[in-house]
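Below: the structure, in structure tokens.
Below, read A as the first sequence line, B as the second, and so on, with proteins coming before strands; counting in each chain starts at 1.
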Protein chains: 2
Amino acid sequence: MKRTIVIFGTISVVVILLFQVSKFSLMNTQGFSDVFLIISGILFIALGYFITKLFYARKHTNSIQEIDIKRIKELNISKQELKVLGLMSDGLSNNEIAETLFITENTVKSHVSKILSKLNAKRRTEAIKIGRDLNII
Amino acid sequence: MKRTIVIFGTISVVVILLFQVSKFSLMNTQGFSDVFLIISGILFIALGYFITKLFYARKHTNSIQEIDIKRIKELNISKQELKVLGLMSDGLSNNEIAETLFITENTVKSHVSKILSKLNAKRRTEAIKIGRDLNII
DNA sequence: CTCAAAATCATACTTTCGAGTGAGTTTGGA
DNA sequence: TCCAAACTCACTCGAAAGTATGATTTTGAG
């Protein structure tokens with residue numbers, strides 16, 4: 001929110017300055033109005049470019065969405081459990097996960113069971129879906 | 001590619017027209033230069049906005065990516081198989097998928113088997129991952 | 001240091017998945 | 001109309017996944 005205010009304030013100032021500069025430039029140098037018009041035009045286009053880019057950048061980061069650490073803590077999911085969940089969503093079997101993490105399959109199974117109960121899922125596929133929806137993976 | 005040429009051509013024409021209009025407007029009506037400056041400034045900003053939006057829109061559709069029908073046909077995946085794959089990725093069991101599609105679990109199993117072989121996956125979780133990566137789901 | 005949480009592993013048991021095979025029915029396009 | 005592909009279903013068997021319980025070791029925060 002603070003950032004929004006700062007950005008809009010800056011943009012407003014820049015816009016006003018641009019208008020003032022281009023107005024006086026045009027009034028004082030009648031013969032070179034072409035050049036100044038082009039320059040101010042380019043500046044305005046650039047301004048539009050940056051404004052638009054700003055909004056799209058914000059949207060973009062929202063739609064890509066990073067891992068929600070807060071929610072992981074809320075769900076009381078541990079580091080190792082999270083790793084297992086990630087590997088599950090990569091399509092690995094319990095045995096493959098065990099080999100990847102250098103632990104036994106039994107241990108993986110106990111991790112998986114805990115993940116399922118914490119995410120309130122009946123199957124690993126459901127856990128994957130829930131994990132994705134919650135931006136945990 | 002054709003679209004790109006058309007778009008750039010249009011943009012070029014619009015830019016030139018804008019310059020001409022604003023130039024003559026300014027030269028002929030000295031007293032109202034403020035109004036015309038503002039209008040032309042807004043127009044240029046709008047232009048920058050649309051140009052930027054155009055580029056971002058293209059990027060955006062690429063990153064969000066809709067279902068790749070072409071690839072589905074390439075992989076020879078049928079309608080029903082695709083439905084099953086979708087329900088799998090929603091975390092449903094074979095039995096639940098059967099109830100959803102009003103078919104028996106045996107039929108679901110045969111669909112799943114075909115999906116796995118077509119996607120070259122060893123497990124349903126892997127099929128889900130591959131399907132996501134290929135923008136099939 | 002201490003203690004709870006996390007991580008590790010095991011064993012026994014149930015359920016779900018998936019492979020393989022075979023076969024009958026629908027359907028959409030040539 | 002005819003046929004291949006899609007869809008349907010069944011049965012068996014082995015593999016993978018998941019449950020339940022219990023126990024030991026590590027670890028990290030206070």
Side-chain angles (χ1 to χ4, degrees), chain A residues 67-134 136-137, chain B residues 67-134 136-137:
Chain A
I67 292 168
D68 192 339
I69 297 163
K70 199 183 294 174
R71 188 166 278 130
I72 291 169
K73 284 181 182 166
E74 282 172 9
L75 292 168
N76 199 31
I77 293 173
S78 70
K79 274 185 255 172
Q80 199 76 333
E81 284 164 4
L82 199 67
K83 279 189 200 170
V84 171
L85 181 58
L87 294 171
M88 273 199 317
S89 82
D90 283 340
L92 300 199
S93 69
N94 285 341
N95 191 37
E96 287 169 343
I97 294 172
E99 287 173 1
T100 304
L101 298 179
F102 301 105
I103 56 180
T104 63
E105 194 182 335
N106 288 319
T107 307
V108 175
K109 280 189 182 186
S110 72
H111 285 315
V112 172
S113 282
K114 279 171 192 165
I115 293 166
L116 294 184
S117 71
K118 285 178 183 176
L119 290 182
N120 201 25
K122 298 189 202 78
R123 281 163 292 281
R124 53 169 49 207
T125 49
E126 197 183 354
I128 292 167
K129 190 204 164 36
I130 292 170
R132 286 191 156 280
D133 289 348
L134 297 180
I136 280 174
I137 304 176
Chain B
I67 292 169
D68 193 338
I69 298 163
K70 200 183 293 176
R71 187 166 279 130
I72 291 170
K73 284 181 182 167
E74 281 173 9
L75 292 168
N76 200 31
I77 293 173
S78 69
K79 274 186 256 171
Q80 199 76 335
E81 284 164 5
L82 199 68
K83 278 190 200 171
V84 171
L85 181 58
L87 294 172
M88 273 199 317
S89 81
D90 284 340
L92 301 199
S93 69
N94 286 341
N95 191 37
E96 287 169 342
I97 295 172
E99 286 172 0
T100 304
L101 297 178
F102 300 106
I103 55 181
T104 65
E105 195 182 336
N106 287 319
T107 308
V108 175
K109 281 190 181 183
S110 71
H111 284 316
V112 171
S113 283
K114 279 173 192 166
I115 292 166
L116 293 183
S117 72
K118 284 178 184 177
L119 289 182
N120 199 26
K122 298 191 202 78
R123 282 163 292 282
R124 54 168 52 207
T125 49
E126 197 183 354
I128 292 167
K129 190 204 163 35
I130 293 170
R132 286 190 157 282
D133 289 347
L134 297 180
I136 281 175
I137 304 174

Q) What one-letter contact string describes nucleotides 11-30 of chain D from 5' to 3', where B marks a base within less than 4.0 Å of any protein heavy atom, S marks contact via sugar-phosphate atoms alone, and - marks no contact? A) B-----BBB-----------

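In this entry the distance linking NZ of B:Lys73 with P of D:dA5 reads 17 Å, nearest Å.
Within 4.0 Å of A:Thr104, counting heavy atoms only, lie sugar-phosphate atoms of the nucleic acid but no base atom.
A 4.0 Å heavy-atom criterion places the boundary nucleotides of DNA chain C facing chain A at C:dA6 to C:dC17, written 5' to 3'.
Residue A:Leu82 forms a side-chain contact (heavy atoms from CB on, under 4.5 Å) with just one option from A:Ile69, A:Leu87, A:Ile72, and that option is A:Ile72. Each of A:Val112, A:Ile137, A:Val108 was compared with A:Met88 under the side-chain contact (heavy atoms from CB on, under 4.5 Å) criterion, and only A:Val112 meets it. When each of B:Ile115, B:Ile130, B:Leu85 is checked for a side-chain contact (heavy atoms from CB on, under 4.5 Å) with B:Ile136, only B:Leu85 meets the rule. Applying the side-chain contact (heavy atoms from CB on, under 4.5 Å) test between B:Ile103 and each of B:Thr107, B:Thr100, B:Asn106 identifies B:Thr107 as the sole match.
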Q) Step by step, would you call B:His111 with B:Lys83 a side chain to side chain contact (heavy atoms under 4.5 Å, CB included)? A) CA-CA 10 Å; B:His111 284 316; B:Lys83 278 190 200 171; over 6 Å; no

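Between B:Arg123 and A:Glu96 there is a salt bridge, since a side-chain N of the basic residue sits under 4.0 Å from a carboxylate O of the acidic one.
A donor-acceptor pair is defined here as one N or O able to donate and one able to accept, closer than 3.5 Å; no such pair exists between the side chain of B:Glu81 and the backbone of B:Ile77. A donor-acceptor contact shorter than 3.5 Å is absent between the side chain of B:Lys129 and the backbone of A:Ser89.
Using a 4.0 Å cut-off, some side-chain N or O of B:His111 falls inside it from OP1 or OP2 of D:dT8.
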